[in-house]
Every structure is written in structure tokens, then in C-alpha cells.
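What follows is a set of notes on a single structure, which appears directly below.
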Amino acid sequence: MYYYKLSIIGSPLEPFTYHSSKILQRGAEVSVEFNKRIKRTVVLETCIKPEFDTSEIIEVHEEYYSEKQFALAQFISSYYICSLGDVLALMTPFSTSVSDENSVDWECGKQFSIELSRKQNQALNFLKQHKVSLLFGDTGSGKTEVYMKYFEEILAMGKRALFLMPEISLTPQMSERLKVHFGDLFVIWHSKLTPLQKKKALQKIYSGEAKIIAGARSCLFLPVKNLGLIVVDEEHDESYKSSSRPRYNARDIAIYMGKLYDIPVALGSATPSLSSYVKFPHARLKGGHFVSQKEFVYEKAPESLTPLIENSLRETLEKEEQSIVFLPTRANFKYLVCGDCGHAFKCAFCSVGMSLHQHSRALKCHYCNFTQAIPQVCPQCQSSHLVSSRLGTAEAVKNIQEFLPHARIEQFDRDTITTANKLKKALKRFNDKESDILVGTQMLSKGHDYHDVTLAVVLGMDNMLNMGDYRAREKALSSLIQVAGRSGRAKDAHVIVQTFNEDFFKSYIENYELFLEDEKVFREELYPPFKKLCRILFAHKNGAKAQEAMREMEANLRAFSNVEIVGAKKCAIEKVANKYRFEILLRADKSTDIIKAVKTSKVALAEVDMDPIEFG
DNA sequence: AGCACGCCGACT
DNA sequence: GTCGGCGTGCTC
């Protein structure tokens with residue numbers, strides 16, 4: 001009899017020991033009876049006969065997790081501090097019943113049509129020369145052609161590539177382009193595929209027909225053989241970070257996979273994250289291929305539809321041209337800003353915006369819980385005109401409609417654009433000139449091509465710039481750049497930016513490198529990539545229990561002098577899904593210190609969020 | 001994490 | 001009487 005340690009797929013529990021008369025390989029998927037139910041499990045290792053009685057493995061499946069998948073799962077499990085079973089649940093195993101022996105290999109004679117400019121060629125060569133590299137290319141500078149040429153070369157070597165893009169289900173244009181170019185060699189994989197679509201895509205992956213696999217986070221865990229390259233487009237995008245356990249960041253996992261598979265990883269962005277910019281060498285692709293000019297107009301005002309904006313929208317409409325109106329991502333919190341000078345209230349300890357808690361009549365820091373009374377006057381200009389109003393998308397649409405009754409206005413956000421189809425249709429209406437004004441949030445700027453926008457209105461940027469988040473500056477500036485990039489593709493355009501922080505945006509809008517260099521200084525003392533953060537969440541329908549768990553873990557953590565407890569408190573969003581939430585925020589120089597401290601201090605209720613990007 | 005077990009309150 | 005609320009403890 002042989003004894004095996006098995007990880008239960010999807011279970012947070014430690015491995016259990018079962019026996020079998022068969023010799024099983026590590027990574028094999030087997031089913032067992034566990035707690036009177038049949039469970040899928042994965043063979044971890046063999047072991048000696050344990051003290052207790054064991055049950056027999058019921059069935060050995062065709063599915064198996066490759067050595068590399070297994071090694072990756074172990075890394076994720078240890079870095080993000082969760083069970084192996086939780087990681088394995090993300091992965092799609094290989095299968096012994098299908099073989100890619102008959103896969104039609106890439107026809108070497110076939111000519112592709114991608115022609116690169118000299119600059120693009122230089123960039124591609126740079127990417128090829130580095131294990132991990134960053135393609136720092138302005139909107140419209142031709143990053144996609146560089147990726148496509150790179151894919152062609154990978155195909156020519158008989159290898160396959162993963163192409164990660166955020167919100168793939170919402171960016172049909174990019175997929176279309178790759179589909180047209182690579183035909184059946186190209187497949188899409190994301191969580192919104194129907195079961196049938198998934199089955200078909202998986203068939204193509206198993207058979208080896210699929211060579212370029214594009215997708216969101218989960219495509220990293222597909223059973224792809226002969227992997228030669230991973231490209232992560234829009235690497236700065238937040239959607240690469242998973243918001244459920246394990247809370248991994250697909251961009252970081254891609255980089256780890258590069259090492260594990262010994263293949264290159266290319267990250268791309270027009271507005272790279274400071275982390276990637278600091279860690280990896282970059283190739284710079286400057287300038288768009290648009291000949292048109294863009295003029296930035298700054299308006300000092302709190303978030304509102306001002307006369308300037310009304311007039312600009314009206315003029316654009318009268319010229320029968322199109323506008324987009326961008327509202328910063330609907331933050332969960334309100335921030336107090338001086339309506340006259342734009343002064344924002346920052347935490348003295350964390351240098352991030354303090355958010356307004358109306359019911360407790362206080363300003364609070366969401367990192368360390370520093371609290372102060374709501375001030376009556378602005379400390380900078382003595383004005384008593386302190387505002388915290390936010391404009392919603394629907395409200396903005398309504399208000400614009402009131403002064404432009406004949407304009408065809410569309411709301412363009414998560415509330416209205418719920419499916420890929422609705423998105424396609426709304427984009428088509430806009431590009432066919434059946435609508436005049438799009439009003440929306442982040443979704444407006446996510447890689448869509450608007451042919452003829454001559455006015456971009458960016459409302460209340462200060463709400464974003466002053467958020468209680470160490471990445472507020474990065475987020476605000478990159479959002480503005482991304483929105484501005486949607487206008488002026490064919491004709492000259494205006495971008496109206498509503499902000500009291502004109503100097504900030506003015507100095508960096510044409511020079512993101514300069515921003516990154518300056519941002520290094522701001523981050524150095526307290527924040528990533530120079531310091532490591534980790535957030536521990538405690539959620540329970542009984543608030544006292546959640547708090548008790550937090551207190552216990554906090555006490556355990558105090559034993560680790562190299563890990564700073566920044567805060568241990570109620571979450572800013574106290575209750576979610578009927579559960580009360582508490583959190584601990586940790587800071588350290590090295591992630592290994594955090595991992596060690598958290599692993600040994602962990603209590604049952606704790607959920608670990610390593611490298612958090614959301615606080616609340 | 002599930003899920004069974006078990007112990008109390010409120011209903012046909 | 002019992003249906004069902006959720007606290008507790010166990011799973012090779």
C-alpha cells in the first residue's frame with residue numbers, strides 16, 4: 001500500500017493522507033471521500049503510513065497538474081499565504097487523454113504582414129534581450145504591433161504565447177485585431193465565457209492548435225505546453241489584482257512564471273506603474289501616430305458642471321462634433337476639499353487623503369485610523385466653503401441633458417454597460433454618430449477607439465488625486481492621460497481638466513517619466529515598491545468575533561520587530577454582505593519578513609491580502 | 001470552508 | 001409536539 005498527502009481542491013485546509021495500491025505521481029488528480037462527500041484532490045507527495053487509519057483513494061483521473069503548475073501553485077500558496085488547495089482551484093489541469101502530437105505546427109513559409117517602424121523594431125529587440133522588460137509606449141505609439149511581431153517570432157520558433165489584457169471581455173477591439181491577424185491560432189480565455197465556449201477554447205489549447213492565448217488573470221493557469229513568451233498589456237491596470245482569495249496579482253505571477261519557465265516576460269503600458277518602472281528596464285516608444293493637436297484647459301473648481309464646461313459641450317455639439325465626459329472612478333468615500341483653493345486634508349502620518357465620515361463627524365485616515373474633527377474653515381485660505389460633493393454618472397447625464405435637451409447623451413459605466421454586447425452597441429452608436437456625448441467612468445478610457453472626439457471633459461480630478469490611497473497621484477495622472485488619449489485622434493481637440501492642482505497635472509501630463517522620478521521620492525519612506533505592505537482582513541457576521549480575531553492576531557504580530565503594524569481597526573466599509581469587517585495593515589522592508597510574521601501569527605478568521613491595492 | 005450535530009425559542 | 005435559528009467542532 002502507498003500513502004499520499006492530498007490537497008483538496010478549493011479547500012483552505014491542510015493536506016490529508018489517503019492510501020492506494022497504485023503508484024501515483026505528484027500532481028495527479030484523484031477523488032476521495034472526505035467528510036462523507038466526494039472531493040477532487042491533488043497528489044502532493046508520498047509519505048509513510050500514518051498513526052491514524054486512512055481511507056482509500058477512489059479514482060485516479062485523467063487530469064494532472066504539471067510540475068511547473070505545481071511549483072507555481074506552491075509559490076502562490078506561500079507568497080499569498082493560503083492553502084495549496086485554494087491555488088489549485090484556480091488552475092486548469094492537463095489531461096492524459098488528449099495529446100497535441102498531431103497539432104499542426106506553424107507553417108514556416110507563411111508570411112505575416114506586420115511591418116515595424118525602426119523605433120518599433122528597436123523596442124522589440126530590447127524586449128527580446130531582457131528576461132523581464134517594460135514597453136513604455138504612449139497611446140497610439142504602436143505597442144500592439146510590437147507585441148504582434150513578437151508573437152509571430154514566437155510562433156516561428158514553434159512556441160506559444162500568453163497575452164494578458166485587463167477587462168478582455170470589455171475590450172473587443174484588441175481581440176478582433178488579433179483574431180483577424182492570427183486566425184485559428186488565436187484563442188480568448190476569460191471567466192465570462194460560457195461553458196461551451198470554455199470547452200471549445202480548452203479543446204484548442206489541449207490539441208495545441210491555439211498558439212496565442214489571450215485572456216485575463218486566469219489564462220496564466222491554463223494547460224499550455226511549450227510556452228515561449230508572456231505579454232502583460234496595460235500592466236498598471238488594477239484588475240490584474242484578484243479581489244478574492246488567493247489575492248494574487250497576475251502581473252507579478254507572470255513575472256514569476258517567466259523565471260520558472262525561463263521565458264521572457266514583456267510588460268506594456270503608456271502609464272507604467274512605479275513598481276514596474278523601478279524594477280525593470282524599459283524601452284520607450286514616444287508619440288502617437290495622430291497628427292492632431294490637443295490643448296489642455298485647466299479649471300479651478302470642485303466637481304461640478306460649470307459654465308465653462310456647459311459652453312464647451314454646447315459648442316462642440318453645435319459643430320456636430322463629439323464629447324466624452326469623464327468622472328473619476330466612483331470612490332466609496334467622500335473627501336473634504338476647500339471649494340475656494342482646493343486644499344485637501346491629508347493624514348500627517350501616512351500622507352494620504354483623509355476621508356469624510358459624516359456619521360461620526362470626523363476625518364479619518366484609512367491606513368492608520370488617525371482621526372480629526374471636521375474642520376470648519378480651510379487652514380490654507382480661511383474659507384468656510386468646504387465641499388465634499390460627488391457627482392454620479394447618472395446625475396451628470398441628467399444635468400447635461402437639461403441644458404442640452406437635443407443632445408444624444410449616453411451613460412457609459414458599469415451600471416449601464418453590463419455585457420460585452422451592450423458595450424459593442426454603445427461604441428458602435430457613438431462611432432456611427434448616433435450619439436453625441438458619452439458620460440462615464442474608467443470604462444470610457446479602457447482602450448476603446450473613438451474616431452472623432454474633439455472634447456474631453458475630466459471632472460473633479462481632485463477627488464482622485466486626494467484619495468486615501470498611496471497610489472492616488474499615480475491613479476489620477478494615469479487616468480487623465482488615458483482619457484486624454486481617447487480624444488483628438490482625427491481632429492484637434494480640447495481637454496478640460498477640472499482641478500485645483502493645475503501645476504501637478506501640467507508638469508507631468510506630457511512627461512510621465514518625470515512624474516515617476518518624483519513619485520519615487522514620495523514613496524521611498526513609506527510605500528511600495530520601496531516598502532512592502534500587507535493587509536489582513538477579518539470578516540464575521542458577529543462584529544465582536546471579527547474584532548477579537550483581529551486583536552489576537554495583532555498581539556501575535558507584536559513579536560515581530562521587523563514588521564510594523566500601521567493600523568489595526570474597523571474597515572472603512574464596516575459591513576459587507578452582512579459581515580462586520582476589521583483589518584490590520586502591515587509594513588516591512590522585505591516581503592519575507594511579512595510572510596514569516598503573518599504565517600506564524602495567523603488566526604482562523606484572517607484573510608491575507610499581500611501587496612494590497614485597495615483599502616477599505 | 002462546508003456540514004453535521006445539538007441545543008433553545010416560536011409556531012401549525 | 002417539531003421546525004429552524006446558529007454556535008461548536010471535525011474532516012485522513
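Note on naming: letters A, B, ... go to the chains in the order of the sequence lines (proteins, then strands), and numbering restarts at 1 for each one. All heavy atoms count here, side chains included; hydrogens, waters and symmetry mates do not.
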*Salt bridge between Arg551(A) and Glu554(A), side-chain N to carboxylate O under 4.0 Å?*
yes
*Side-chain H-bond candidate by donor/acceptor type, Thr416(A) with Gln411(A), under 3.5 Å*: no
_A quick test of your reading: do over 12 heavy atoms of other residues, nucleotides or ligands sit less than 6.0 Å from CZ of Phe530(A)?_
yes
*asked:* What is the first contacted nucleotide of DNA chain B and what is the last, in 5' to 3' order, if contact means an atom lying under 4.0 angstrom from a heavy atom of chain A?
replied: dA1(B) to dC3(B)
*Between the side chains of Asp237(A) and Ser239(A), does any donor sit under 3.5 Å from an acceptor?*
yes
*Sort and list the pairs that fulfil side-chain hydrogen bond (donor to acceptor under 3.5 Å, both in side chains) and have at least one residue in residues 604-616 of chain A, not counting sequence neighbours.*
Tyr79(A)-Asp611(A), Lys241(A)-Asp609(A), Arg247(A)-Glu607(A), Lys532(A)-Asp611(A), Arg535(A)-Asp609(A)
*Can Glu238(A) and Arg471(A) be counted as an ion pair, charged N to O under 4.0 angstrom?*
yes
*Reading DNA chain C 5' to 3', which nucleotide is the first, and which the last, to come under 4.0 Å of any heavy atom in chain A?*
dT8(C) to dC12(C)
*asked:* At a heavy-atom distance below 4.0 Å, what parts of residues 47-59 of chain A sit against DNA chain C?
replied: Phe52(A), Asp53(A), Thr54(A), Ser55(A)
*Considering only heavy atoms, which members of residues 605-612 of chain A lie under 4.0 Å from some atom of DNA chain C?*
none
_Are there over 12 heavy-atom neighbours, none belonging to Lys579(A), within less than 6.0 Å of that residue's NZ?_
no
_Close side-chain approach of Pro223(A) to Leu202(A), heavy-atom, < 4.5 Å_ = yes
*asked:* Filter on side-chain hydrogen bond (donor to acceptor under 3.5 Å, both in side chains), then keep only pairs touching residues 56-75 of chain A, sequence neighbours left out; what's left?
replied: Arg26(A)-Glu67(A), Glu29(A)-His61(A), Glu29(A)-Tyr65(A), Ser31(A)-His61(A), Glu62(A)-Ser97(A)
*Output all residues satisfying ring pair (Phe, Tyr, Trp, His ring centres under 6.0 Å) with Tyr527(A), sequence neighbours left out; order by chain, then residue number.*
Tyr367(A), Tyr470(A)
*Sequence neighbours excluded, which residues qualify as side-chain contact (heavy atoms from CB on, under 4.5 Å) partners of Leu13(A)?*
Ser11(A), Phe16(A), Phe34(A)
*Scan residues 74-91 of chain A against DNA chain C and write down, sorted by residue number, each residue with any heavy atom closer than 4.0 Å; if none is found, say none.*
none
*Please identify each residue that fulfils salt bridge (Lys or Arg N to Asp or Glu O under 4.0 Å) with Arg581(A), with sequence neighbours left out.*
none
*Base, sugar-phosphate, or nothing for Leu13(A), non-hydrogen atoms under 4.0 angstrom?*
base
*Residues from residues 21-35 of chain A sitting under 4.0 Å of DNA chain C, heavy atoms only?*
Glu33(A), Phe34(A), Asn35(A)
*Between Ser273(A) and Glu474(A), do the side chains contain an N or O donor and an N or O acceptor separated by less than 3.5 Å?*
no
*Working to the nearest 0.5 Å, report the span between CE of Met610(A) and CG of Asn249(A).*
12.5 Å
_Applying ring pair (Phe, Tyr, Trp, His ring centres under 6.0 Å), can you list everything that pairs with Tyr80(A), at least two apart in sequence or on another chain?_
none
*So does Lys199(A) have more than 12 non-hydrogen atoms from other groups sitting under 6.0 Å from NZ?*
no
*Derivation and outcome, ring pair (Phe, Tyr, Trp, His ring centres under 6.0 Å), residues Tyr248(A) and Tyr256(A)*: CA-CA 12 Å; Tyr248(A) 67 99; Tyr256(A) 183 83; over 10 Å; no
